[in-house]
**Student:** 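Below is the structure I would like to discuss, written out as structure tokens.
Residue numbers start from 1 in every chain, and the chains themselves are labelled A, B, ... in the order their sequence lines are given, proteins ahead of strands. Below, all heavy atoms of this structure are taken into account, side chains as well, without hydrogens, waters or symmetry copies.
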Amino acid sequence: MNHFLTVKGVSKSFSNASVLSDCSFTAEKGELISLLGESGSGKTTLLRIIAGFENPDAGEVNMNGRLLCNANYAMMPEHRYVGLVFQDYALFPHLNVKKNIELGMKTNLKTSVFLNMVGLEGLEKRKPHELSGGQQQRVAIARSLAASPQLLLLDEPFSNIDESLKFNFRRELRELLKSQDIPSVFVTHDTKDALAIADKIIILKDGEVRQIGTPEDIYLRPADTYVAGLLGTFNIVSETADTANIIRSEHTRITAGSEYEVTSSMYQGRSYLVHLKRNDIHFNVSSDTPMNIGSHVGLHFTEDHILTVLKR
Amino acid sequence: MAGTDAPYSGLGKPGFLRVRRGGWLILATLIAALVLVPLLLLFTSIAADGGSFDQLSNTQLPRYAINTLTLVAGVGLSTLFLGTSLALLTSLYRFPGAKFFRLALLLPLAFPAYIAAYVYAGIFEYSGPLHLIGRHFGKNDLYANILGMPGLIAVLSLVLYPYVFATTRVAIESRYTSYLESARSLGLERNALIRKVLLPLLRPAIAGGVFLVMMEVLNDYGAMKYFGIPTFTTGIFTAWFSMGDLGSAVRLAMYLFIIVVMLGLLESWYNRRNKVSESHRSRPLEKRQLQGVKAFLATSYACGIFFIAFIAPVAYLFYLLSIADSSHAIAEWPKLAGSSLLCALGGAALVLLVVVVTQFVRQLVKSKYGFWVGKSIAVGYTIPGAIIAIGVMLFSRLVDNTFNQGMIVAGSFLALLFAYAVRFAGVAYQPLHAESEKQSGRLFEAGQSVGLSAKNLLVKIFLPLSRKGILLATTLVVIDIFKELPLTLILRPFNFNTLATKAFEYADDEMITRAALPALSVVIVGLIPVLLLHRILRSR
């Protein structure tokens, strides 16, 4: 099957330090994809390779039947029709909003169409420094869309947005990107962002793709202990040399009993994370009520919630 | 995994964008090569005909070396003392006039050394103003012949100390806050703080200022000539003008060059050893109010230096002007000013071409190579004008010999403009470099991601964003060329005079009243960058 965007076996190192190794994924038109990983996982480098600002040491990137780059060839960034929305937006400080959007415009649509799209009508004449962070980001997105990209990349689009505004912002961004007939790939280190708006999540760890799947896949069927840990606390019930049987903290329940001793109880907002101990066995358990340290309790969970994952 | 052991930076891997931006890179390389060739030619032609160098080396060389080094060391030490003391005084204390002196003490920078030399010699000479005033009050011996080494050191120090003053001030006022605060929290009293923490932190800045001073000393020709101190620079002129001996001039230029390189290495070694990282927050140490006798002494010291280094020479120039044959001076002024302006604008245009292209490509290509090409064009500014002049001379002869068997480029106005570009590209480099660093490669990437070509990146992003830097660079280069002497003297076309060369020639021929108007013009133009510097220092 031909995918719209194919990233195949991409590897990259900077002065002998490997940043990406053998990364592959695909994307289709209209799909919203999240590259999720900690800082240093290589997610931004992968984004920059697709945009054309870095080049892979091995592997290749194809889009819409065109080769964008491989180890011996790199199409110039300005010829790729790949839009990149920078983390710090990189708006041209000497141009107002309208001119920023028009600079790379390749359609016959009016600038106002793009301003309406991102909800910035009436701000045409403002200079970038006269806009709030959120407004600047919308201009950056409008500027990228005006250049008629076949793929839109966003580098940490939520990093400069206040926590209190994020909820609405995630929804708006998802609606906007889904309304375009192109794939969008955004980089984030925040699991909540990825779960909330992505159709597909790609988890990167130390330059390797650990798992690709829908948010539900990732949560319900994590491939390994690292992925499971990204999405919340869990406990190892039993393990072999390569795999572990784990249970998520939210799938366990404290009961009346006396096998376990409470060693700490931390408020988490919605619930408490309680640490239990029996001899050498430790459990992190969610609880609706705080527990007294030193008291003794029982523990309950069902077999169907136990997941078998790789240990790594 | 493939390719882990292929170290390269950015986009510069064979087969990648380096080749795709090849045209731009080649253009930048050619421009940088053109700027560097005159200097490289000095090295290659050292092996060629040495002229009467052997004779020269027996008789004059030791004297040139001793004088040059004595001057550099003497002026270096006295500006170190003057500049640092004045900077500490005006930046750490409040006393009557302190604020005024922060600007006033920069002003002597407007005096080119060759003008200061003849002005001070004139002030002190028999029947000079000092003598006349003294006689009025019944003292007949208020004159002195200051021509000679101590006098020259004093004169150069008075016009060059502002370099140390400015760099030290910047360091005191805008850096190191966190070090100072942590020292305070450890309980250090103010004086101990200044002695034990602040002064050691200032060492690199002071060294940087002294280095600039030494470079200016080596660049001087007019003052050395006027004071009769033979050095490598005056030796170059003698060899070339009196004997037409290019071979000897080249060798002397090489000696001078070696001194420049050694001083440069010394400075960078010293600053590496004493490296301090600046703290990000910048709040200067609070100033302390001086009272009573201390305040009086502070004001007197600053006022005295300001009077000696600026008021007295300016007053003397006006005095000369008042007794000069004004009709002659005014008649020739427009032509001289026109020539100066022509040199300045032509030179500035070439400089901008060199700097804009290389800095644009440096950002566009973002490889180590592009970085070094962008940086290499700045070396000319640390190299004395006389050396560059000899290099350009060699180059234009080479061009003439290769292409037309005559003297078309050599001795032409074009060769002079080219030499200005070599010497002053470094002046424009700083402001343009600073501006384009601010743009960070991000905006270029943003431009490319919406499909802008390299040409459009230059026209629509780089140039508009560098507007301020270009303006500042142009101003600085224009004024530097106005003041420039040694390079213009060697390379100017026959019978071509600027305000600077005429001021020097008249003075050198003891027609000091005639020199007054062109000299004053150069000083007044020279005030502009000093005022700019003051604004920049204040806004930091």
Side-chain angles (χ1 to χ4, degrees), chain A residues 9 11-22 48 51-59 69-95 99-106 140 143-149 152-153 207-208, chain B residues 1-25 363-368 370 434-471:
Chain A
S11 297
K12 173 79 180 170
S13 51
F14 290 113
S15 45
N16 293 343
S18 170
V19 178
L20 290 173
S21 55
D22 201 16
R48 290 172 60 81
F53 298 118
E54 305 285 351
N55 296 295
D57 300 334
C69 60
N70 62 23
N72 305 308
Y73 168 81
M75 183 185 281
M76 297 291 256
E78 62 264 33
H79 299 148
R80 291 189 179 199
Y81 289 86
V82 172
L84 175 55
V85 178
F86 290 81
Q87 186 174 1
D88 57 3
Y89 319 131
L91 296 180
F92 303 117
H94 59 301
L95 302 177
K99 296 221 166 103
N100 256 288
I101 293 173
E102 284 170 354
L103 194 70
M105 190 127 99
K106 285 190 205 63
R143 178 178 71 180
S144 287
L145 291 177
S148 304
L152 189 65
L153 307 173
E208 287 176 39
Chain B
M1 200 185 82
T4 39
D5 53 1
Y8 64 89
S9 65
L11 303 177
K13 198 180 181 186
F16 277 136
L17 300 187
R18 170 183 286 189
V19 176
R20 301 296 293 272
R21 304 280 194 214
W24 286 98
L25 208 56
Q363 275 212 45
L364 183 72
V365 181
K366 275 204 229 140
S367 63
K368 272 230 168 70
E435 283 275 316
S436 62
E437 282 298 284
K438 263 188 275 171
Q439 303 169 19
S440 70
R442 275 271 182 281
L443 295 181
F444 271 37
E445 290 183 355
Q448 287 171 65
S449 83
V450 296
L452 291 190
S453 66
K455 201 189 91 212
N456 275 334
L457 288 177
L458 175 64
V459 175
K460 294 193 172 157
I461 297 177
F462 186 84
L463 287 180
L465 279 174
S466 307
R467 219 174 30 214
K468 269 192 201 153
I470 290 176
L471 204 65

**Student:** Is it the case that atom NZ in A/Lys106 sees more than 12 heavy atoms from other parts of the structure closer than 6.0 Å?
**Tutor:**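 It does: A/Lys106 NZ has more than 12 such atoms within range.
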**Student:** If every non-hydrogen atom of A/Phe92 is compared with every non-hydrogen atom of B/Ile461, which pair is closest and at what distance?
**Tutor:** CE2-CD1, 3.1 Å
**Student:** Closest approach of B/Leu452 and A/Leu103, non-hydrogen atoms and distance?
**Tutor:** CD1-CD2, 3.4 Å
**Student:** With a 4.5 angstrom heavy-atom cut-off, which part of A/Arg48 approaches chain B: side chain, backbone, both or neither?
**Tutor:**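 Only the side chain of A/Arg48 comes within 4.5 Å of chain B.
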**Student:** B/Ala446 and A/Ala90: which non-hydrogen atoms are nearest, and at how many Å?
**Tutor:**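 Minimum heavy-atom separation between B/Ala446 and A/Ala90: CB-O, 3.7 Å.
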**Student:** Identify the two heavy atoms, one from B/Ser453 and one from A/Glu78, that lie closest to each other, and give their separation to 0.1 Å.
**Tutor:** CA-OE2, 4.1 Å
**Student:** After noting the C-alpha distance and the side-chain angles of A/Met76 and B/Arg21, does the key distance pass the side-chain contact (heavy atoms from CB on, under 4.5 Å) rule?
**Tutor:** CA-CA 9 Å; A/Met76 297 291 256; B/Arg21 304 280 194 214; 2.8 Å; yes
**Student:** What part of A/Leu91 lies closer than 4.5 angstrom to a heavy atom of chain B: side chain, backbone, both or neither?
**Tutor:**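 The backbone, not the side chain.
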**Student:** Among A/Gly9, A/Pro93, A/Pro149, which has the most heavy-atom pairs under 4.5 Å with chain B?
**Tutor:**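 Highest number of pairs under 4.5 Å: A/Pro93.
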**Student:** Of all heavy-atom pairs between B/Arg442 and A/Phe86, which one has the smallest distance, and what is that distance?
**Tutor:**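 Answer, listing the atom of B/Arg442 first, then A/Phe86: CD-CD2, 3.4 Å.
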**Student:** With chain A as the partner, which of B/Ala454, B/Pro464, B/Gly451 has the greatest number of non-hydrogen pairs under 4.5 Å?
**Tutor:**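 Heavy-atom pair counts peak at B/Gly451.
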**Student:** Tell me if a side-chain donor or acceptor on A/His94 pairs with a main-chain N or O of B/Ser466 at a distance below 3.5 Å.
**Tutor:**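 No, A/His94 side chain to B/Ser466 backbone: no donor-acceptor pair under 3.5 Å.
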**Student:** What distance separates A/Asp88 CG from B/Leu443 CG, expressed to the nearest 0.5 Å?
**Tutor:** 8.0 Å
